[in-house]
Amino acid sequence: MATTSTPPTPKSPRQQASSVERTKGPSGLEKVVLREARGFSAEVHLYGGQVTSWKNDRGDELLFVSNKATFKPPKAIRGGIPICFPQFGTHGNLEKHGFARNRFWAIDDNPPPFPESTAVKTFVDLILKPSEEDLKIWPHSFEFRLRVALGPGGDLVLISRIRNTNTDGRPFSFTFAYHTYFSVSDISEVRIEGLETLDYIDYLRGKERFTEQGDAIVFESEVDKIYLDAPAKIAIIDHEKKRTFVLRKDGLPDAVLWNPWDKKTKNMQDFGDEEYKHMLCVEPAAVEMPITLKPGEEWKGKMELSAVPSSYCSGQLDPDKEHLMALILSGALAGADAAS
Ligand code: BG6
């Protein structure tokens with residue numbers, strides 16, 4: 001963990017110093033709470049290595065977690081940012097979306113340094129290694145290091161480093177996703193920018209390949225698609241909230257869009273009947289082309305999220321400009337972007 005300083009008498013989120021605190025949730029599960037001086041915060045459960053909360057400086061929750069989420073192993077927590085590894089989806093004998101999301105991760109007190117310098121001081125490092133039982137279902141030795149960082153401007157950064165530690169010379173292949181559940185005002189008010197004209201695989205139409213035709217991606221029914229070779233930046237625009245989530249990804253070529261809508265929701269015990277209206281999963285992923293690592297090799301996949309006020313400039317959304325303005329106004333520009 002990074003800093004552990006907490007003032008003796010915190011009065012309001014805006015007056016707190018930045019801190020990293022290990023604590024327990026109401027479920028009894030251990031979590032780490034990251035707080036930034038201006039009131040931004042994030043929570044990471046050791047169960048699943050899963051981010052389960054990300055709040056802005058007004059205390060608004062930016063991620064969706066179902067009111068029916070159980071927080072009871074071995075079920076994965078429904079919401080936040082589950083990690084899908086060593087597979088996305090269902091193939092062979094491995095459980096759906098792999099096992100990383102329902103294993104207990106450990107705090108990594110001494111991770112290997114990142115090659116780049118870091119300006120962000122509020123972060124936690126976690127590690128997952130396979131147990132004897134895991135090796136029976138996926139016979140590969142690995143070290144999965146996850147850094148979750150909260151920037152001074154409230155940006156949330158997740159960096160995964162996965163290393164093949166097999167000692168018998170065997171490579172392994174995996175697929176991966178940051179299964180990010182965004183909280184939205186109403187799904188009918190949401191538009192995605194960045195995925196237009198891309199090819200996608202539609203899980204609702206026999207995993208066939210199509211090309212996106214619409215000018216903008218909006219939501220009127222169930223969606224379960226993998227966009228291939230998606231750009232590094234995707235915007236999730238919530239018109240009602242006048243908020244844009246800017247998602248930046250690196251090392252993760254694909255992007256999954258998922259909303260179960262009303263019918264599928266009925267079969268999900270840990271998801272309320274009406275909750276599909278208030279969430280959308282946009283998941284940076286490596287699915288179409290599995291990643292292969294030889295022993296000793298390491299892969300890195302990064303996701304960076306920011307939430308900025310939406311605005312239009314001659315009909316053109318420019319979240320970058322908005323983000324820059326927000327950072328300048330909050331005085332957070334110095335060192336706001338480099339979490340790794
Ligand atoms: C999405 C998949 O990423 O996750 C969907 O594309 C799947 O097919 C959804 O239904 C939820 O999966 P789970 O296992 O968390 O219910």
Side-chain angles (χ1 to χ4, degrees), residues 45 47-52 63-103 137-138 158 160 174-184 187 190 192 195 198-210 212 217 219 221-230 234 236 245 247 249 252-290 301 303 305:
H45 270 78
Y47 179 60
Q50 190 159 331
V51 175
T52 47
L63 297 177
F64 166 88
V65 176
S66 171
N67 286 328
K68 292 193 161 185
T70 59
F71 290 83
K72 278 200 191 111
K75 191 150 182 50
I77 300 166
R78 175 70 66 194
I81 312 180
I83 304 265
C84 301
F85 172 83
Q87 76 171 3
F88 175 87
T90 317
H91 308 278
N93 296 329
L94 263 183
E95 57 207 85
K96 185 179 172 195
H97 288 343
F99 50 74
R101 64 176 179 166
N102 55 14
R103 293 295 184 271
I137 54 173
W138 200 65
L158 276 74
S160 290
F174 64 90
T175 52
F176 179 96
Y178 289 120
H179 197 307
T180 314
Y181 287 77
F182 290 96
S183 170
V184 297
I187 187 69
V190 173
I192 304 287
L195 303 178
L198 295 186
D199 282 359
Y200 64 87
I201 293 168
D202 197 337
Y203 271 40
L204 302 178
R205 289 194 280 173
K207 295 194 181 173
E208 272 187 61
R209 196 172 171 135
F210 299 91
E212 190 61 66
I217 294 167
F219 302 91
S221 58
E222 183 183 357
V223 58
D224 194 352
K225 295 176 177 177
I226 301 179
Y227 288 84
L228 307 174
D229 256 325
I234 299 167
I236 300 134
F245 292 109
L247 183 161
K249 62 186 181 62
L252 295 157
D254 307 322
V256 181
L257 275 195
W258 180 63
N259 184 299
W261 222 256
D262 54 348
K263 285 206 187 71
K264 201 149 272 174
T265 299
K266 302 267 184 310
N267 301 324
M268 293 164 59
Q269 288 175 353
D270 59 350
F271 199 98
D273 285 355
E274 301 290 315
E275 285 187 324
Y276 74 93
K277 294 177 183 165
H278 306 297
M279 55 73 67
L280 176 66
C281 286
V282 184
E283 313 167 30
V287 180
E288 167 81 335
M289 292 283 290
M303 173 171 79
L305 303 178

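Ligands are counted one by one from 1 in listed order, and the atoms in each one are counted from 1 as well.
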Would you mind writing out a table of all protein N or O atoms found under 3.5 Å from any N or O atom of ligand 1, naming both atoms and giving the distance to 0.1 Å?
{"from": "ligand 1", "atom 1": "3 (O)", "to": "His179", "atom 2": "NE2", "distance (Å)": "3.0"}
{"from": "ligand 1", "atom 1": "3 (O)", "to": "Glu283", "atom 2": "OE1", "distance (Å)": "3.0"}
{"from": "ligand 1", "atom 1": "3 (O)", "to": "Glu283", "atom 2": "OE2", "distance (Å)": "3.0"}
{"from": "ligand 1", "atom 1": "4 (O)", "to": "His97", "atom 2": "NE2", "distance (Å)": "3.1"}
{"from": "ligand 1", "atom 1": "4 (O)", "to": "His179", "atom 2": "NE2", "distance (Å)": "2.7"}
{"from": "ligand 1", "atom 1": "6 (O)", "to": "Asp224", "atom 2": "OD1", "distance (Å)": "2.5"}
{"from": "ligand 1", "atom 1": "8 (O)", "to": "Asp224", "atom 2": "OD2", "distance (Å)": "2.5"}
{"from": "ligand 1", "atom 1": "10 (O)", "to": "Lys96", "atom 2": "NZ", "distance (Å)": "3.3"}
{"from": "ligand 1", "atom 1": "12 (O)", "to": "Lys96", "atom 2": "NZ", "distance (Å)": "3.1"}
{"from": "ligand 1", "atom 1": "14 (O)", "to": "Lys96", "atom 2": "NZ", "distance (Å)": "3.1"}
{"from": "ligand 1", "atom 1": "14 (O)", "to": "Arg101", "atom 2": "NH2", "distance (Å)": "2.9"}
{"from": "ligand 1", "atom 1": "15 (O)", "to": "Arg78", "atom 2": "NH1", "distance (Å)": "3.0"}
{"from": "ligand 1", "atom 1": "15 (O)", "to": "Arg101", "atom 2": "NH1", "distance (Å)": "2.9"}
{"from": "ligand 1", "atom 1": "16 (O)", "to": "Arg78", "atom 2": "NH1", "distance (Å)": "3.2"}
{"from": "ligand 1", "atom 1": "16 (O)", "to": "Arg78", "atom 2": "NH2", "distance (Å)": "3.0"}

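Side-chain contact of Ser66 with Tyr181: a donor-acceptor pair under 3.5 Å is absent, judged by distance alone.
The aromatic rings of Phe245 and Phe182 sit tilted relative to each other, their planes meeting at an angle between 30° and 60°. Using bins of under 30°, 30° to 60° and over 60° for the plane-to-plane angle, the ring pair Tyr200/Tyr227 lands in the tilted bin.
Among residues two or more places apart in sequence or in another chain, the side-chain contact (heavy atoms from CB on, under 4.5 Å) test is passed with Lys72 by Thr70. Evaluation of the side-chain contact (heavy atoms from CB on, under 4.5 Å) rule for Asp229 yields Pro253 as partners, not counting sequence neighbours.
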Throw together a table of side-chain donor-acceptor distances under 3.5 angstrom for residues 276-285, partners on residues two or more places apart or in other chains.
{"from": "Lys277", "atom 1": "NZ", "to": "Glu274", "atom 2": "OE1", "distance (Å)": "2.5"}
{"from": "His278", "atom 1": "ND1", "to": "Ser185", "atom 2": "O", "distance (Å)": "2.8"}

